[in-house]
Structure formats: C-alpha cells, structure tokens
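Since the structure comes first, as structure tokens, the remarks are kept for the end.
Just so it is clear: chains get the letters A, B, ... in the order the sequence lines come, proteins before strands, and each one is counted from 1.
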Protein chains: 2
Amino acid sequence: MTAKRTPTRADGDVAGTRVEQKERTRQRLIDAALALIGGGSGFTSLSLREITRQAGLAPAAFYRHFRDLDELGLALVEMGGVTLRRLLREARRDGIPPTDMLRGSVQIYRRFVADRSEVFRFIAGERGGGSRAIRNAIRTEESHFASEMAQDFRALGTLPELSSATLQMICGLVVTTMLNAASDILDLPAGQTQQERELIENFVRQLRVIFLGAARWRES
Amino acid sequence: MTAKRTPTRADGDVAGTRVEQKERTRQRLIDAALALIGGGSGFTSLSLREITRQAGLAPAAFYRHFRDLDELGLALVEMGGVTLRRLLREARRDGIPPTDMLRGSVQIYRRFVADRSEVFRFIAGERGGGSRAIRNAIRTEESHFASEMAQDFRALGTLPELSSATLQMICGLVVTTMLNAASDILDLPAGQTQQERELIENFVRQLRVIFLGAARWRES
DNA sequence: TAGTACAGTGAACGTATGTTCACTGAAAGC
DNA sequence: GCTTTCAGTGAACATACGTTCACTGTACTA
C-alpha cells in the first residue's frame with residue numbers, strides 16, 4: 001500500500017508531476033496501438049475501444065489525448081520518423097563497413113526492422129492505404145529521411161558529382177526500395193532462413209543496381 | 001412489364017442463363033467494392049453491408065458468392081492482375097516510342113492509372129497493409145507482372161547481356177517503383193498540373209537510374 | 001409437366017463500436 | 001488551507017456490424 005500517489009491506474013507506474021503522468025499514459029496508448037499492430041491487426045482496422053482496452057484505460061480516456069484515431073496515427077508516424085532517424089545515426093556510428101558497404105548497411109537495416117517490427121509494420125501498412133492525412137504525413141517523413149541520407153552521402157563523399165536535386169531523387173528511390181523490402185521481411189514465415197537469405201540478396205542487388213545507375217548518371 | 005424473367009433485381013439487367021446471372025451479380029459486388037474504394041474508403045475499412053448496399057442486394061446475398069471479405073479481396077487482386085496484363089499488352093501494341101521510350105511508357109502508365117484509379121488504389125493500398133492472404137496474392141501478381149515484363153525486354157532485345165534471374169530482379173524493382181508512383185499519382189490534388197509534372201518527372205528519372213544501372217550490371 | 005436447385009430476401013440475433021455525460025479525486029495554483 | 005484544474009471513470013446512448021434462418025420464386029432437369 002505504499003506509494004498510492006498515482007491517480008487511478010498504478011501498475012508499477014511511479015508517477016511524478018501531472019504533465020509527466022499525462023505524457024506517460026499518452027505513451028501507453030501509443031504503445032498499445034503498436035502492440036496490437038504487432039499482433040498483426042493493421043492500424044486501419046483497429047478500434048478506439050480495442051486500444052484503450054489494451055492500454056488498460058476506459059474508452060473515454062482516449063479523448064484526453066487524441067481527437068480521434070487519425071491523430072493517434074499521426075503520432076505513430078512521428079515515432080516512425082524518429083525510428084528512421086535513429087537508423088541513420090546508428091549506421092553513421094558504425095561507419096562504413098570496409099569491404100562490402102552495401103551488404104553491411106542492409107544487415108544493419110534488417111536487424112533494425114526486426115527489432116522494431118511494429119513500427120515498420122505500421123509504416124509499410126499505412127504508406128499506401130489508410131487515411132489521406134496519415135499517408136501524407138508518412139510521405140513527408142520519408143522525404144525528410146531521404147534528405148538526411150543525401151546529406152550523409154555528401155559528407156561521406158559518395159557520388160560527389162551529382163547535383164543535390166538528383167541525389168535527393170536517388171535517395172527517394174532508395175527509401176521506397178527499403179520500405180518495400182521491410183514489408184517483405186516482415187511477412188517472412190519465422191525461421192525460414194533460406195527464404196530470408198534470398199530476399200536479402202535480392203534487396204542488396206536492387207540497391208546495387210540503383211547505385212550503379214547513380215554513378216553513371218550525367219546531369220542533362 | 002415486359003421481360004420480367006430476372007429473379008428479383010431487374011435494373012436494365014437483361015438476364016440470361018442461370019450461371020450468367022449469378023456471375024453478373026458477383027461482378028456487381030466486385031464493382032460495388034471498387035466504387036467504394038474509388039470514393040476513398042480503403043478496402044480494409046469496407047464492411048460487408050456497405051458493399052451489398054452499394055450493389056443493391058440484401059446483406060445475406062453476399063454469402064452466395066464469397067465466404068468473407070477476404071475472398072472478395074482476392075477476386076479484386078485477380079482483377080488487378082488482369083489490369084496489369086492489359087497495361088503490358090497496350091504498351092506492346094503501341095510499340096516503342098521512337099525517341100524517348102521511357103517517358104513514353106510512363107505517359108501510357110499515367111493514363112492507365114488515372115483511368116482505372118480504383119483498381120490501382122486497391123492494389124497500392126493493400127500491398128503493404130490489409131490481410132496477409134491478400135498481401136501475398138498481390139505479391140504473386142506483381143511477380144508474374146515482372147516476369148512478363150522481363151519476357152518483353154527479352155523479345156525487344158533490351159539488356160540482352162543480362163541473365164534471366166538478374167532481369168527478373170530488375171523488373172521487380174521497376175514494378176515496385178511503378179506501384180509506388182501510382183500511389184503518389186492517385187493522391188495528387190485534382191488539377192495540380194505543375195505538381196503532377198514534377199512527380200512524373202521524378203518517376204521518369206528514377207526509372208532512368210534503374211536502367212542505367214541495369215545496363216552497367218555485370219554478372220558477378 | 002412435376003420436381004428440384006438455388007440466388008436473393010427480410011427479419012432477427014448478439015455483439016462491438018464511437019461518443020456523451022456527470023462524476024471523482026488528486027495534483028497545481030493561490 | 002481552499003479552490004481550481006483536469007486525467008480518468010463508468011454508465012448510457014444510438015448505430016452499425018456479421019451471421020443465421022426460414023422463405024420465395026424462377027430457371028433448370030428429368
């Protein structure tokens with residue numbers, strides 16, 4: 001019976017200031033949605049009640065944090081953006097693998113997708129379907145990601161002869177190819193190492209084609 | 001009061017044999033779903049009742065044709081496959097545009113997507129999200145499409161030095177890039193010719209990168 | 001021509017949904 | 001210390017849903 005300072009739901013939930021507590025349950029809703037998506041449900045077919053149930057809240061509590069499901073979706077998109085940024089940072093930190101840079105990056109990516117499968121499932125799923133607002137938000141996030149990737153290429157001296165616009169275009173192509181591969185990876189039946197190897201190999205080769213083309217590109 | 005041979009619903013529905021009539025209402029259900037998707041609904045968030053309502057049928061009639069919504073979805077995927085085949089046939093029929101072959105093909109594609117927007121909206125939407133069964137069916141259809149495209153390249157003598165496997169891999173990349181572009185095209189606010197031009201230009205350039213890379217590819 | 005098969009109906013069911021409302025109790029502000 | 005604020009509650013609502021069932025009337029079959 002110690003520490004009963006939390007308002008109502010205290011589950012190892014060592015409260016704090018009011019706004020902190022609010023932020024914490026907001027995060028609980030986000031996590032609940034992600035957990036359900038990880039269960040294979042697809043964000044579009046999630047219901048408000050399902051989410052609050054998973055979060056251990058009354059349905060009405062939802063409205064204290066989001067106007068509707070779309071707004072929750074936008075929060076998920078933002079979290080997806082953060083995830084992508086972290087991916088780049090991690091890749092940067094590890095530096096360029098000495099020999100096979102492309103395959104190395106793909107390995108990092110593969111692990112990353114597997115580790116945060118719910119986030120990638122959400123992005124891959126809502127990128128084409130779902131609501132217009134969410135789709136556009138994802139597009140924006142993708143484009144930011146592509147820009148950041150282009151910056152990294154500049155910093156690394158990769159493809160130095162390309163204009164910024166062209167580099168951006170190429171990174172856009174890389175990003176869509178990545179997200180497409182993510183969708184494939186996530187649908188792999190568990191434990192199918194052979195199938196996974198082929199898939200990854202295909203992915204690597206597609207990227208190789210792109211970079212070959214990029215190296216040969218001449219600004220018209 | 002002439003011609004009252006149709007069972008119940010006769011709306012310019014000049015019946016025929018029994019199986020023909022059944023096939024016709026089956027098609028009505030498919031069309032209804034497509035119409036609703038065209039209205040911006042997204043297949044995943046369609047309900048059985050919504051579809052039968054749109055088709056002018058009682059809800060229970062649905063079960064005479066499909067076990068559940070997923071089965072209807074698979075029928076839509078098949079129709080998507082037919083659409084893609086038709087696209088290739090049309091591109092073949094028009095032959096290779098004399099000068100700018102790539103931009104020409106993209107123009108054909110752009111028109112095609114606009115003309116059958118509902119089908120492409122469905123494919124682009126369910127490709128990443130939706131149910132596992134539908135996703136896999138779409139993947140199969142995509143891969144068939146890629147194979148057929150590879151065959152066409154072979155017949156045209158494009159990229160003759162590439163192995164079949166490599167050509168297939170590259171066509172796969174082209175297909176995902178196409179479908180991705182379709183999603184973008186369909187989300188364009190109507191009448192934004194400038195924005196559309198940029199989008200198409202970007203699409204053309206991405207394909208150019210791919211083909212440049214393909215031409216430079218050397219089998220390891 | 002009598003009998004069967006079966007596409008489509010309409011009513012009924014149980015269940016789940018989104019949203020509202022007055023409420024409670026603890027933290028924050030004075 | 002008294003008052004205000006507000007995150008979260010629980011009950012209630014109207015609505016929509018998927019699915020079932022016995023049924024009807026027509027096209028086929030023998």
Using the salt bridge (charged side-chain N to carboxylate O under 4.0 Å, His left out) definition, which of the options B/Arg127, B/Arg139, B/Arg135 pairs with A/Asp184?
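Going through the options one by one, the only one that passes is B/Arg139.
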Phosphate OP1/OP2 of [N] contacted by [X] side-chain N/O (<4.0 Å):
X	N	value
B/Arg64	C/dA5	no
B/Thr25	C/dA7	no
B/Thr17	D/dC28	yes

Could you give the [atom1]-to-[atom2] distance, from [X] to [N], as a whole number of Å?
X	N	atom1	atom2	answer
A/Leu36	C/dA16	CG	C1'	15 Å
B/Gln27	C/dG8	CD	P	13 Å
B/Arg28	C/dG8	CZ	C1'	10 Å
B/Phe62	C/dT9	CZ	C1'	17 Å
A/Arg49	D/dC13	CZ	C1'	11 Å
B/Tyr63	D/dT20	OH	P	6 Å
B/Lys22	D/dT26	NZ	P	19 Å
A/Gln21	D/dT5	CD	C1'	16 Å

Here's a test of your reading of the structure: between A/Ala61 and B/Ala60, which maps to the more 5' nucleotide of DNA chain D?
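Counting from the 5' end, the first nearest nucleotide belongs to A/Ala61.
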Verify, without hydrogens or angle tests, whether B/Asp68 (side chain) and B/Glu71 (backbone) share a donor-acceptor contact under 3.5 angstrom.
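Checked: pair present.
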Report yes or no: does A/Thr140 contribute a side-chain atom to a donor-acceptor pair with the main-chain N or O of A/Asn136 at less than 3.5 Å?
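Between the backbone of A/Asn136 and the side chain of A/Thr140 there is a qualifying donor-acceptor contact (under 3.5 Å).
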Given C/dT17, D/dT9, D/dC17, identify the nucleotide with an atom nearest to the side chain of A/Arg53.
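Of the options given, the side chain of A/Arg53 lies nearest C/dT17.
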Any donor-acceptor pair, under 3.5 Å, between the side chain of A/Arg18 and the base of D/dA7, if you only look at N and O atoms?
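Looking at the base of D/dA7, it does not pair with any donor or acceptor on the side chain of A/Arg18 (distance under 3.5 Å).
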Please figure out whether A/Asp68 or B/Pro59 has its closest DNA chain C nucleotide nearer the 5' end.
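The 5'-side residue here is B/Pro59.
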Using 4.0 Å as the upper bound for N to carboxylate O, is an ion pair formed by A/Arg85 and A/Glu141?
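Answer for the salt bridge query: yes.
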Any side-chain donor near an acceptor of the partner, A/Asn180 and B/Thr176, under 3.5 Å
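No pair is found: no donor N or O on one side chain lies under 3.5 Å from an acceptor on the other.
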